[in-house]
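I have placed the structure first, in the form of structure tokens, so that the comments after it can refer back to it.
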Amino acid sequence: MKGLKIVVLAKQVPDTRNVGKDAMKADGTVNRAALAAIFNPEDLNALEQALRLKDKYEGSTVSILTMGPSRAAEIIREGMYRGADGGVLLTDRLFAGSDTLATSYAISQALKKMEADIIIAGRQAIDGDTAQVGPQVADKLGLTQITYAEEIIGIKENVITVKRRLERGVEVVEGPLPLVVTVNASAPECRSRNAKALLKFKHARTATELQDTSEDYIDIKNDRPELVIPEWSVVDVDADPKELGLSGSPTKVKKIENVVFTAKESKVLSDNDEDINELMRTLIESHTIG
Amino acid sequence: MNNIIVYCEIEDGKVADVSLELLTKGRSLANELKCKLEALVIGSDLNGIEKTLYPFGVDTVFLANDTRLYPYVTAPHAAIMIGLFKEEKPQVALLGATSIGRDLGPKVSSALHSGLTADCTSLVIGDHYEKKTDTKYDQLLYQIRPAFGGNIIATIINPDCRPQMATVREGVMKKEIMDANYVGEIKNIEVDKYLAPEHFAVKIIERHIEASKINMKGAPVVVAGGYGVGSKENFDLLYQLAEVLGGEVGASRAAVDAGLVEHDRQIGQTGLTVRPRLYIACGISGQIQHTAGMEESAMIISINNDINAPINKIADYAIHGKVEDVIPKMIKHYKANTK
Ligand SMILES: Cc1cc2nc3c(=O)[nH]c(=O)nc-3n(C[C@H](O)[C@H](O)[C@H](O)COP(=O)(O)OP(=O)(O)OC[C@H]3O[C@@H](n4cnc5c(N)ncnc54)[C@H](O)[C@@H]3O)c2cc1C
Ligand SMILES: Nc1ncnc2c1ncn2[C@@H]1O[C@H](COP(=O)(O)O)[C@@H](O)[C@H]1O
């Protein structure tokens, strides 16, 4: 079999799992600056599945496609440190405010230029928890989708075999390439950074990053063109601006509220026998138990 | 036309609970919008399935009954749903936030260019005024859901695109029969109108799906353990307490992640929602993602060695102590008082 062209969709997300006290502003909105930006966890599971295919089928390549602001280039570098061959940053002010549908449209336009045999996404991103972008990208490209993958078992004659993890069991399915697979957190964790790749890609930069930094000790644009991470704009991917951002998004956020606890009058009991005996009696008498 | 359609999931020839819960919600939304409530059922061997649906106040059952349509695969179900929605133009479409609904919903919403809000915890009808365009929208579906890991609650609307689509997790809405004698009508869908050979490109080669043995939603008492339970041995104490009280054992995500208990028992935003008569939270701190799934319990008891744990704020009784000390005493005194 010839090598596979694999594209991994990866998103940089605020670390909503480690929300500290200063993460919410007094007015109830999210203080994005106080949250670390991380590689979306399930996208790392997706990357691992891609790297395993690359290990298995000689001549395969893995690229990361990420849509986001300039600093999202970190995701592409992180992917390269772990074994990806390169990546593309899809970035443009016109993308701002996109909901999942507009995001999927933008990503699918970029994918049209990348000619992938397999597109692997995470199941969902932890900032929105929507799990929509993978299937919607597949729809926009007219491709088959296989969601909730736990393991890509293998590929034979352009047919991929995938094990899916569902709520109450597993399913093994087959589908024709090219297609979109979304990967669950139950899939194996991503391998860690590799020292050689780290050395090799440490200086990989987007054009914007090169402009903004004073890293003049290495002139990568001229000496090491392979270290330039391409940045694609709306024009580069031939996207219709009407389908992007707020205007391209059917869903709108009407209101955001902070979460507040309404405190009850609770009765504090000690762990001594008397208190607990009294509690059990009350519960039995009120027919709560028994 | 312009009705509410609920996609009904089929499991082992039966309609999934989450779909019946959505029909209950759909009925009350339909009353408010003065439109019909309709169910879309896609599968095989579905004769008689309408009898389960009518009592929930279903006016129309769209039935796609064909041996090729069970078990679920994305493309044929999506093709039928997209085709039907183009003709029927529902104003609202609801799906379970299950591995089926979350696979099907995005595909359909992309094809119809309609908005979809995942994992709603509440659905309400309301108006909207758009300042920029000076447009007033009547009776939109407010799709309310937690976002940012549950730290905020967002209200999402789809002003211009139809259907307004939403998914809801199992157990979030209540399941209630409206009228046992209610009768609607069946409309059989001619599936060949929508299906093409390429819709069957994905084949299922193996399938092991087990019905859940855990009956958490029906349990009058839930004894839930968190990270503070500390060990599998201590979790055994929770099973003992649940057994004597006639209840089930639930868990926080931290306990599941730590491998103390199986994932099927997780309660909260990314797990089950329960409303038992009594909820006993053992070694659970009470983060919002957890309380989202249990705060409507009729009575809450917390056992925690930290008197300031957030769970104590919503508890009726906060027992200050260690799980491993308190639970054996609860069992002992329960037995003493019921003799
Ligand atoms: C997107 C997202 C979704 C999530 N979904 C869920 C969800 O569905 N369900 C869920 O539960 N969580 C969910 N979480 C995780 C949630 O934020 C909390 O991390 C989790 O609920 C904490 O679990 P815990 O209370 O068991 O653990 P901890 O927060 O570690 O609390 C342990 C508690 O035990 C007490 N304790 C310790 N030792 C003892 C002892 N010997 N006896 C008595 N008490 C003791 C401690 O004082 C403490 O209060 C989600 C998080 C995110 C970001
Ligand atoms: N901005 C983005 N850039 C790249 N991939 C994305 C982006 N947004 C979503 N994805 C992919 O789509 C998956 C599902 O995202 P979501 O629908 O937001 O939960 C993620 O796990 C990513 O693989």
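Reminder, nothing fancy here: chain letters follow the sequence lines and each chain counts from 1.
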**Report entry** Region of A/L179 that comes under 4.5 Å of a non-hydrogen atom in chain B
**Finding:** neither
Query - Side chain / backbone / both / neither for A/R165 at chain B, heavy atoms under 4.5 Å - result: neither
Query raised in the report: Are B/K322 and A/D271 within salt-bridge range, i.e. N to O under 4.0 Å?
Result: no
Requested in this report: Hey, could you give me the CG/CE distance between B/D325 and B/M330, rounded to the nearest 0.5 Å?
Outcome: 13.0 Å
Report summary line: Under 4.5 Å to a heavy atom of chain B? For A/S286 that would be neither
Report summary line: Greatest number of non-hydrogen atom pairs under 4.5 angstrom with chain A, of B/I100, B/V202, B/I307, B/I205, falls to B/I205
Requested in this report: Counting only heavy atoms closer than 4.5 Å, note whether A/S186 contacts chain B via side chain, backbone, both or neither.
Outcome: neither
Query raised in the report: Charged N to carboxylate O under 4.0 angstrom, A/D99 versus A/K252?
Result: no
Query raised in the report: Where on A/L166 is there a heavy atom nearer than 4.5 Å to chain B: the side chain, the backbone, both, or neither?
Result: both
Report summary line: Of the listed A/I289, A/V268, A/V170, the one with the largest count of heavy-atom pairs under 4.5 Å with chain B is A/V170
Requested in this report: Enter the distance from B/L140:CG to B/I125:CD1 here, rounded to the nearest 0.5 Å.
Outcome: 8.5 Å
**Report entry** When B/P159, B/A118, B/G115, B/A318 are compared by non-hydrogen pairs under 4.5 Å with chain A, the top option
**Finding:** B/A318
Query raised in the report: Any residues in residues 116-124 of chain A near chain B, with a heavy-atom distance under 4.5 Å, and which are they?
Result: A/R123, A/Q124
Query raised in the report: Between A/I160 and chain B, which part of the residue has a heavy atom less than 4.5 Å away: side chain, backbone, both or neither?
Result: neither
Report summary line: Whatever's closer than 4.5 Å to a heavy atom in chain B on A/A131 counts as both
Report task. Please look at A/N272 and chain B and tell me whether the side chain, the backbone, both or neither of the residue comes under 4.5 angstrom of a heavy atom of that chain. Result -> backbone
Query - For A/E174, side-chain hydrogen bond (donor to acceptor under 3.5 Å, both in side chains) partners two or more places apart - result: none
Requested in this report: Not counting sequence neighbours, which residues clear ring-ring contact (aromatic ring centres under 6.0 Å, His included) with B/Y72? List them please.
Outcome: B/H77
Report task. Kindly write out the residues that satisfy side-chain hydrogen bond (donor to acceptor under 3.5 Å, both in side chains) with A/K140, not counting sequence neighbours, or none if the list is empty. Result -> B/S110
Query raised in the report: Between A/D238 and A/K112, is there a salt bridge with N-O shorter than 4.0 Å?
Result: no
